[in-house]
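Each chain gets a letter, A, B and so on, in the order its sequence line appears, and its residues count up from 1.
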2 protein chains.
Amino acid sequence: MKTRDRILHVSLLLFNEEGEAQQTAVDISNALGISPGNLYYHFKGKDAIIRGLFDSFEEEMRIILRGSRGRVTSIEDNWVYLYIILEEIYDFRFFYRNLGVLLDRYPDLANRFRSLVAEQRTTIHNVLDDLRDAEALSIDPRLMEVLTDQMMMTLTFWLEADSMNRNNLDGAALIHKTVFQVMCLIVPYMGENGMDALSRMIAHYEASRT
Amino acid sequence: MKTRDRILHVSLLLFNEEGEAQQTAVDISNALGISPGNLYYHFKGKDAIIRGLFDSFEEEMRIILRGSRGRVTSIEDNWVYLYIILEEIYDFRFFYRNLGVLLDRYPDLANRFRSLVAEQRTTIHNVLDDLRDAEALSIDPRLMEVLTDQMMMTLTFWLEADSMNRNNLDGAALIHKTVFQVMCLIVPYMGENGMDALSRMIAHYEASRT
DNA sequence: GTCTATAAGTAGATAGAC
DNA sequence: GTCTATCTACTTATAGAC
């Protein structure tokens, strides 16, 4: 593994586990067992590392988003698809832990992030349209934008929201809970099947917690 | 106005407008036209100022929350009550702009914040109960917790969510939009009146934007 | 590519005069 | 209460040897 890749790999671990703000360039070089000078040879600074990590995240997320085209046609598909998105976000969770700071500090990155969020929103919107076409959902058109916004909000701030609670969940449990939370947003639009689907989801959710 | 109060007042303005992270102790003293030494005479540092500001926010918010007891018995009441909460948050919006950082940096403040959020959640839950008792809402009990979480998420992250958009709204418009967003969360549970209420809300919302 | 050593810059904090 | 001056601590960034 090349030093450049090792830097990205270890930085991601440190950022995710300890928080991005807490890690200095020297901390990262220590964790790698290399000198700060060497780190600077590969990356001009911490911001360059972060940009490198965002490159990976952006690429992977765009692949996931584009992979949904016409493939999510049932409530179960939707459940699985949410899982995939949330797991990708979890892999790069330090970005989402304090979005505000990062966007303030790196304006160029802020634009790329906003653009990615916009594509995410479009994808969610399309998925809802597909589910409506497949008659899995019946949504008042006037509520579509609001519902999309609400789903986006949950998909973007679930990690920060969890840190508001005293007893934080581990990753897998939190992802599961969040999928459930998002699915519940569309339960009222599932018509007759809504309550059944809800019961199955709750059973599934409760079972996974034991 | 005493220097101590002027410090709190000007700091709040600076934090809200320019961001908390961007302001150093020296910046604040410059804005006040006093020396850094004098600032340190009144507050041991920026964290002491932030604590002082949180004291005010916490006190005001708890009064608002406790003021709701049994007083929110209609959809219209709920609309107004959301307004009051959102406006209070907006006054101290720098806390919500990057919650993650603040909670990391000041663990004691994090506990107080979590406790306040918990009381907020209880209040929202009680209000929903009251609305159900008043037969303004009809909610499946299994969805109550999820709905409460969803409302809390919106009330906590609306400011950060707005900064994800390219064209940010001004304060009044954003508050209005957010009230609308939260109200739409309960539209599916209004029964027969839901669609009527939605139409009225949309009319009201559109009218306010022109 | 990698190291050591060090410069340069910044924020936080205090001492002592007025 | 308020000031000036200074000190400490920490982080980023670079220079030059190996």
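- For the pair A/Glu17 and A/Arg93, the salt-bridge criterion is met [side-chain N within less than 4.0 Å of a carboxylate O].
- Taking atom CD1 of residue A/Ile34 and atom C1' of nucleotide C/dG1, one finds them 10 Å apart after rounding to whole Å.
- We find that CZ of A/Phe43 is positioned 14 Å from C1' of C/dG1, with the value rounded to whole Å.
- Backbone-only contact: A/Lys44 has heavy atoms under 4.0 Å from sugar-phosphate atoms and none from a base.
- One N or O on the side chain of B/Arg6 and one on the backbone of B/Leu32 form a donor-acceptor pair closer than 3.5 Å.
- Classification of the A/Phe54-A/Phe95 ring pair by plane angle, with boundaries at 30° and 60°, yields perpendicular.
- Note that the NE2 atom of A/His125 and the OG1 atom of A/Thr122 stand 8.5 Å from one another [nearest 0.5 Å].
- Remark: A/Tyr41 is in phosphate contact with C/dG1, judged by side-chain N or O atoms under 4.0 Å from OP1 or OP2.
- For D/dG1, the OP1/OP2 oxygens have no side-chain nitrogen or oxygen of B/Asn38 closer than 4.0 Å.
- Within the 4.0 angstrom heavy-atom criterion, base atoms lie near A/Val26.
- Here the P atom of nucleotide C/dG12 and the CD1 atom of B/Ile49 are 10 Å apart, to the nearest Å.
- Put simply, CZ on B/Arg6 is 12 Å from C1' on D/dT2, counting in whole angstrom units.
- Among the protein residues, A/Ser35 comes within range of the nucleic acid bases, having at least one heavy atom under 4.0 Å from a base atom.
- At whole-Å resolution of the value, CD in B/Gln22 and C1' in C/dA11 are 14 Å apart.
- When distances are taken from the side chain of A/Thr3 to each of C/dC3, D/dT2, C/dT2, the shortest belongs to C/dT2.
- What separates CD of B/Glu20 from C1' of C/dA11 is a distance of 13 Å, to the nearest Å.
- If you measure from atom CD1 of B/Ile50 to atom P of C/dA11, you get 15 Å, rounded to the nearest angstrom.
- For B/Tyr40, the side-chain atoms get nearest to C/dT14 when compared with the rest of C/dT2, C/dT14, D/dA13.
- Spacing between atom CD1 of B/Ile28 and atom P of C/dA13 amounts to 12 Å, rounded to whole angstrom units.
- Between the side chain of B/Ser68 and the backbone N or O of B/Ile64 there is no donor-acceptor pair closer than 3.5 Å.
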